[in-house]
Amino acid sequence: MSTVSPASTSSAERKKVTTITLRQKKERGEPITMLTAYDYPTALAMDRARLDIILVGDSLGMVVLGYQNTLPVTMDEMIHHCRAVERGARYALLVGDMPFMSYQISTEEALRNAGRFLQEGSMDAIKLEGGHERVEAVRAIVGAGIPVMGHLGLTPQSVHQLGGFRPQGRTAATAKRLLEDALLLEEAGCFSLVLESVPARLAALVSKRLHIPTIGIGAGAGCDGQVLVTHDLLGLFDRFTPKFVKKYVNFHAEMLRAFEQFAAEVQAKSFPAEEHMVEMPDEEWKEFLKGM
Ligand code: KIV
């Protein structure tokens with residue numbers, strides 16, 4: 001099926017990305033690339049594009065499952081999509097996003113669910129949202145040998161508490177709290193931190209203070225890496241587009257065009273054409289007709 005030859009991916013010299021690779025990239029000042037994926041073909045394309053990190057984000061709930069926010073997403077749904085992504089990606093570091101209520105109830109549940117991402121979902125690491133209130137869970141998960149990515153700023157699982165999907169850390173007091181949380185998460189053992197929708201100069205300062213890499217989304221160019229939700233980048237999610245998204249292509253419009261053309265051709269009986277049909281030898285057809 002594949003039209004991309006293994007040589008074109010020059011896989012020979014490629015090594016699997018690890019948390020150490022990311023730390024080294026930060027030290028060398030090389031930007032880290034991360035995108036979200038929820039299925040096999042997307043993960044395959046990202047791996048061939050040499051992305052450093054693939055995040056199976058709980059944004060799944062909004063951009064794939066059509067919920068209004070990420071809150072209804074379950075552990076079983078996340079694991080299902082992690083397995084599909086893992087089958088498509090060999091080199092990128094794979095991060096599974098812990099869904100709402102999979103780590104907030106107790107440290108024990110957080111640890112058990114983090115373990116499921118590695119055992120059942122074949123992920124390399126997990127991500128969870130929150131600051132000082134997550135330190136105990138982060139310590140326990142890291143203590144079990146599971147790499148943890150933190151997530152500060154706009155944390156979509158707290159959408160109701162934040163009063164909507166709005167930028168964070170825009171006052172001196174909230175900026176100070178965000179920096180303190182970032183330092184606590186680093187100290188607790190996180191290998192990296194997502195900073196979502198925070199002022200660019202605050203994200204740049206946090207990135208300088210931390211030894212671990214920051215990955216920004218709506219956090220400016222001063223982060224150590226960048227992430228976008230893939231369905232935003234591809235123009236597949238047309239409900240709303242945050243200010244910080246760059247649409248690289250409009251796949252929704254392309255899909256619409258293809259579906260309309262298919263329907264029109266079927267109605268006009270111009271599809272399928274000769275070249276799309278299966279034939280059988282004339283002798284076999286004659287033999288078949290004889291028996292009718
Ligand atoms: O769920 C997700 O896609 C995320 C990214 C926005 C970082 O958390």
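For ligands, and for the atoms within them, numbers begin at 1 and follow the listed sequence.
Judged purely by atom type and a 3.5 angstrom limit, Thr70 has no side-chain atom pairing as donor or acceptor with the backbone of Ser59.
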Let me have the donor-acceptor pairs involving side chains of residues 229-240, under 3.5 Å, with sequence neighbours excluded, atom names and distances please.
| residue | atom | partner | partner atom | Å |
| --- | --- | --- | --- | --- |
| Thr230 | OG1 | Thr36 | N | 3.3 |
| Thr230 | OG1 | Thr36 | O | 2.4 |
| Arg239 | NH2 | Tyr67 | O | 2.8 |

Which donor-acceptor pairs under 3.5 Å do side chains of residues 186-197 form with protein atoms, sequence neighbours excluded?
| residue | atom | partner | partner atom | Å |
| --- | --- | --- | --- | --- |
| Glu186 | OE2 | His211 | N | 2.6 |
| Glu186 | OE2 | Ile212 | N | 3.0 |
| Glu187 | OE1 | Arg139 | NH2 | 3.3 |
| Ser192 | OG | Pro213 | O | 3.0 |
| Glu196 | OE1 | His151 | NE2 | 2.9 |

**Study point:** salt bridge (charged side-chain N to carboxylate O under 4.0 Å, His left out) evaluation trace for Asp47 with Arg90
**Key:** CA-CA 7 Å; Asp47 218 37; Arg90 271 173 59 194; over 6 Å; no
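Atoms CD and OG1, from Gln161 and Thr155 in turn, are 8.0 Å apart once rounded to the nearest 0.5 Å.
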When you check ligand 1 against the protein, what N or O pairs turn up below 3.5 Å? List the atom names and distances, or just say none.
| residue | atom | partner | partner atom | Å |
| --- | --- | --- | --- | --- |
| ligand 1 | 1 (O) | Asp58 | N | 3.2 |
| ligand 1 | 1 (O) | Asp58 | OD1 | 3.0 |
| ligand 1 | 1 (O) | Ser59 | N | 3.0 |
| ligand 1 | 1 (O) | Ser59 | OG | 3.3 |
| ligand 1 | 1 (O) | Asp97 | OD2 | 3.0 |
| ligand 1 | 3 (O) | Ser59 | OG | 2.5 |
| ligand 1 | 8 (O) | Lys127 | NZ | 3.0 |

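Note on residues 253-263: pairs passing side-chain hydrogen bond (donor to acceptor under 3.5 Å, both in side chains), not counting sequence neighbours, are Arg257-Gln261, Gln261-Glu265.
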